[in-house]
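The shown structure was predicted, so the numbers you read here are calculated from the model rather than taken from an experiment. Indexing begins at 1, ligand by ligand and atom by atom, following the structure's order.
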Amino acid sequence: MKNLVIAIDGPAGAGKSTAARLAAKKLNYTYIDTGAMYRAVAWKTLQNKEKVTDALIIEVVKDIKVSLHYEQGNTLVFVDGKEVSGEIRTPEVTGIVSQVAKLRPVREKMVALQRKMAAAGAVVMDGRDIASHVLPDADVKIFLTASIEERAQRRWKEMKNKGYAVALDGLQAEMAARDKADSEREISPLVQCKDAILLDTTGMDIDEVVTAILNMCR
Ligand code: DC
């Protein structure tokens, strides 16, 4: 099989990263988690301990160095040489990441990096604007989603396993707000491209999702 470029987009908690990572492992491809890159910018912004404003975020992104290292099926995220893979998943980072991701200077810098990483092919990249904007010539485009109830339930379990005691209804409301912000922003909003295949994973387990993705790549 030719070295494919596979783009997976969808809302928060749809299971994109888990499915994309496992599919990449099966294909022996590199997995690129673009959400982690916006989270990395959000994490660095929070290190300033100042009120988070668009101006502060734009200042932070000017000289930030974000890199992803994909090793044995796992992605390590670095900001200015420091490994922050766990720290970018806190509720504080999640709380400001949509504000970070809507800013043009942030998107321009991250998208340039994403295109460079995908240039050699044999990649699975997930995010919100991969098929529509980052890699419009991708060989396979998938829009992965699930009901908001199921997505909130999955994220709640994930947070609980990490030791965060969060209320399910609050999490669902926060997720719906983030989806709205990501879908309605001016630059590269979350959309299902005309040429993307819809994969609704409501009621599916992770193995079924990975199998469905691999079948779409055949
Ligand atoms: O997938 P995630 O929850 O880690 O993404 C974090 C945020 O980054 C999410 O609110 C939307 C944004 N994002 C984006 O705007 N474009 C992408 N390609 C990936 C993520």
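- Sorted by first then second residue, the salt bridge (Lys or Arg N to Asp or Glu O under 4.0 Å) pairs that include residues 144-157, not counting sequence neighbours, are Glu150-Arg154, Arg151-Asp179, Arg155-Glu158.
- Within the structure, the side chain to side chain donor-acceptor pair (under 3.5 Å) test picks out no pair touching residues 10-24 (sequence neighbours left out).
- Remark: side-chain polar atoms of Asp126 are not paired, donor with acceptor, to backbone N or O of Ile8 under 3.5 angstrom.
- Applying the ring pair (Phe, Tyr, Trp, His ring centres under 6.0 Å) test to residues at least two apart or on different chains, none of the pairs has a partner in residues 161-187.
- Closer than 4.0 angstrom to ligand 1 sit non-hydrogen atoms from Thr34, Gly35, Tyr38, Arg39, Arg89, Val97, Ser98, Ala101, Arg107, Gly127, Arg128, Asp129, Ile130, Arg178, Asp182, Arg185.
- Between the side chain of Asn48 and the backbone N or O of Glu50, no donor-acceptor pair lies under 3.5 Å.
- A donor-acceptor contact closer than 3.5 angstrom links the side chains of Asp182 and Ser98.
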